[in-house]
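The structure appears right after this line, and notes come after that.
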Amino acid sequence: MWERGRVSTTTPQPLEYSFDGPEGAPVLVLGPSLGTTRHMWDRQVPELAKQWRVLRFDLPGHGGAPAHPAGSVAELATRLLATLDSIGVQRFGYAGCALGGAVGIELALRHPERLASLVLVAASPRFGTPDEFRQRGVIVRTNGLDPIARTSPDRWFTGSFAAAQPAITEWAVQMVRTTDPGCYIAACEALASFDVRTELGRVGVPTLVLVGSDDRVTGPAEARTLVAGVPDARLAVVPGASHLVPVEQPAAVTDLLVHHFSTAWQQPYDTGQTALPAAPVNPAIAAAPQVTPVAEIAPAAVPAQPVARPDRYETGLKIRREVLGDAHVDRALAESDGFSGEFQEFITRYAWGEIWDRPGLDRRTRSCITLTALVAGGHSEELAFHVRAALRNGLTPDEIKEVLLQAAVYCGVPAANSAFRVARQVVQEETTPAE
């Protein structure tokens, strides 16, 4: 019934996985959350494996898996499909939590012919803001994963559960602490760039959106956004659970998964492949009440289409946000008026859309050059937000220090003295973990 974790060898960067359940059964894939391993699903497997061949996988660098960072949700989905291809799995059901849920949405949008049914646990069409995840990457790059690990139980569990289950709480901390930092940072970047709010209407598989009532990371509001946007989606809110709802309320989650996959296993596309039979329906499960939303779901608001801009404006705006952060760019654009608006458009198009987008230098190198130029010019205000940008672009505080020491030789000691004062304050602000 259980096979030891194996690594597929037919793709350069496979995912590590394990199987449970009878070989002839339809395949059900379970995807983990950022910072967790496949073992977050341990308490669902015994029941699921009665009807399905359950495949659980680990994210890169998680749970001892090979540390091949994946910088986008699309890349994770591609690696998963390549791994499934290598073992002959064509069509499958899928349930994923948080980042694992994002992978499920990506599969439904780009490879719908592969999915029979979908469950999105603690998921969202956009996870917070890009700034939040890039800031987390800065903290990990500077301090390692220990600060993130120590605060994970607060994000993942309700306070009462964490107090009553110290062993599980410590397991959660160690799970994060043993993750490869580079892979964790890459996963943060993947979540920072994930935004499918305008594409949800194209998800065409039966979908259950499952969320803990007390989830403060991706809570009921995000779940309702998914349900409002996905045409064939239902909502289940699990009382007394936070973000890792499969760990905190395993029995409730198991029942919901069994019911959904037993009753909503969509027939395969006409692709010539052999159809996997639907799992037999347990009469007790069939008699269970249909999962319904706990509150009326408002229609999803249709976002306004961006105004078309000439030349390289949109590219520049995207890069400017990625490097300087949404808050800074939003503030700069909001403060522009008839006098300064054309200047904001100018630097967005040419500085960011042309120069920063050129392939000849990576962003780390461009940050080094920019810091040196700002020191030479004595531009302390701009230096502050470009130190933040340098941290976002992957420079460590020690590397920023080396840039400023080099600038002291060629730009002058007084200029470097001022720069060190500005940079030290920014580094302290950006790399101090939130309490």
Side-chain angles (χ1 to χ4, degrees), residues 15 29-42 44 56-63 65 70-77 80 94-108 118-130 132-134 136-137 140 145 148-149 151-158 161 172 175-176 179 183-197 200 207-227 230 233 235-238 241-250 253 256-257:
L15 298 176
V29 179
L30 302 180
S33 173
L34 172 63
T36 74
T37 71
R38 73 186 87 170
H39 294 293
M40 67 163 285
W41 296 103
D42 278 355
Q44 280 71 48
R56 291 178 289 165
F57 66 91
D58 280 324
L59 297 167
H62 289 59
S72 70
V73 173
E75 183 178 350
L76 285 171
L80 175 59
Y94 183 90
C97 181
L99 177 53
V103 172
I105 298 173
E106 182 73 19
L107 291 170
L118 177 65
V119 175
L120 304 175
V121 181
S124 177
R126 183 190 187 195
F127 291 79
T129 67
E132 293 172 11
F133 284 99
R134 293 192 175 108
R136 192 184 298 185
V140 173
L145 275 164
I148 303 296
T151 59
S152 289
D154 294 335
R155 296 190 300 273
W156 288 354
F157 306 127
T158 60
F161 179 87
M175 194 163 43
V176 178
T179 299
C183 289
Y184 189 95
I185 293 169
C188 287
E189 184 61 36
L191 286 171
S193 59
F194 182 76
D195 187 351
V196 294
R197 289 173 293 177
L200 292 178
T207 302
L208 172 66
V209 179
L210 195 158
V211 65
S213 62
D214 301 325
D215 188 347
R216 294 177 296 173
V217 180
T218 49
E222 286 84 357
R224 291 188 177 95
T225 300
L226 283 171
V227 173
V230 175
L235 174 65
V237 179
V238 179
S242 187
H243 193 57
L244 284 193
V245 58
V247 176
E248 192 161 4
Q249 294 290 347
V253 171
L256 288 164
L257 293 180

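All of these numbers come straight from a predicted model, not from anything done at the bench.
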Requested in this report: Could you go through the side chain to side chain contact (heavy atoms under 4.5 Å, CB included) check for Phe194 and Leu99 one step at a time?
Outcome: CA-CA 10 Å; Phe194 182 76; Leu99 177 53; over 6 Å; no

Requested in this report: Just do the side chain to side chain contact (heavy atoms under 4.5 Å, CB included) check on Thr36 and Leu244 with the steps written out, would you?
Outcome: CA-CA 10 Å; Thr36 74; Leu244 284 193; 4.1 Å; yes

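Taking CG of Asp215 as the start and CZ of Arg155 as the end, the distance is 11.5 Å to the nearest 0.5 Å. Note: Thr225 OG1 to Arg126 CZ = 12.0 Å, rounded to the nearest 0.5 Å. Interatomic distance, CZ of Phe57 versus CG of Leu80, reported as 5.0 Å (0.5 Å rounding). Annotation: the span from Ser242 atom OG to Gln249 atom CD amounts to 11.0 Å, rounded to 0.5 Å. Annotation: the span from Leu257 atom CG to Leu210 atom CG amounts to 6.5 Å, rounded to 0.5 Å.
Under the 4.5 Å side-chain criterion, counting only non-hydrogen atoms from C-beta, Leu235 is in contact with Arg224. Within the 4.5 Å cutoff, no side-chain heavy atoms of Leu34 are placed close to those of Phe127. Side-chain contact between Thr179 and Leu145 is present, with heavy atoms from C-beta onward closer than 4.5 Å. Side-chain atoms of Ser152 and Met175, non-hydrogen and from C-beta on, never get closer than 4.5 Å to each other. Looking only at side-chain heavy atoms (C-beta outward), Leu226 and Thr207 stay at 4.5 Å or farther from each other. For the pair Val211/Thr218, no side-chain contact is recorded, criterion being any heavy-atom separation below 4.5 Å from C-beta on.
Here the closest non-hydrogen pair linking Leu208 and Ala236 is CD1-CB, 4.0 Å. Residues Val176 and Gly35 come closest through the heavy atom pair CG2-O, 3.6 Å. The two residues Leu76 and Ala70 come nearest to each other via the heavy atoms CD2-CB, 3.6 Å. Across all non-hydrogen atoms, the minimal contact from Glu106 to Ala77 is CG-CB, 3.7 Å. A pairwise comparison of heavy atoms in Phe157 and Ala172 identifies CE1-CB, 3.8 Å as the closest pair. In terms of heavy atoms, Ala123 sits closest to Gly101 at CB-CA, 4.3 Å.
Put simply, the residue from Leu120, Val230, Val73 that forms a side-chain contact (heavy atoms from CB on, under 4.5 Å) with Ile105 is Leu120.
Evaluation of the salt bridge (Lys or Arg N to Asp or Glu O under 4.0 Å) rule for Asp154 yields no partner, not counting sequence neighbours.
Ring planes of Tyr184 and His62: parallel class, angle under 30° (limits at 30 and 60°).
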List the atom pairs, donor and acceptor, that lie under 3.5 Å between side-chain atoms in residues 185-193 and the rest of the protein, sequence neighbours left out.
| unit_1 | atom_1 | unit_2 | atom_2 | d |
| --- | --- | --- | --- | --- |
| Glu189 | OE1 | Arg134 | NE | 3.3 |
| Glu189 | OE2 | Arg134 | NE | 3.4 |
| Glu189 | OE2 | Arg134 | NH2 | 3.0 |
| Ser193 | OG | Glu189 | O | 3.2 |
| Ser193 | OG | Ala190 | O | 3.2 |

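Panel note: side chain Arg38, backbone Arg56; no donor-acceptor pair is recorded below 3.5 Å. At distances below 3.5 Å, at least one donor-acceptor pair connects side-chain atoms of Gln44 with backbone N or O atoms of Pro250. Looking only at distances, no side-chain donor or acceptor of Trp41 sits under 3.5 Å from a matching main-chain atom of Gly96. Counting only distance, with no hydrogens or angles, the side chain of Asp214 and the backbone of Arg216 share no donor-acceptor pair below 3.5 Å.
In this model, a donor atom of one side chain and an acceptor atom of the other lie less than 3.5 Å apart for Thr158 and Glu248.
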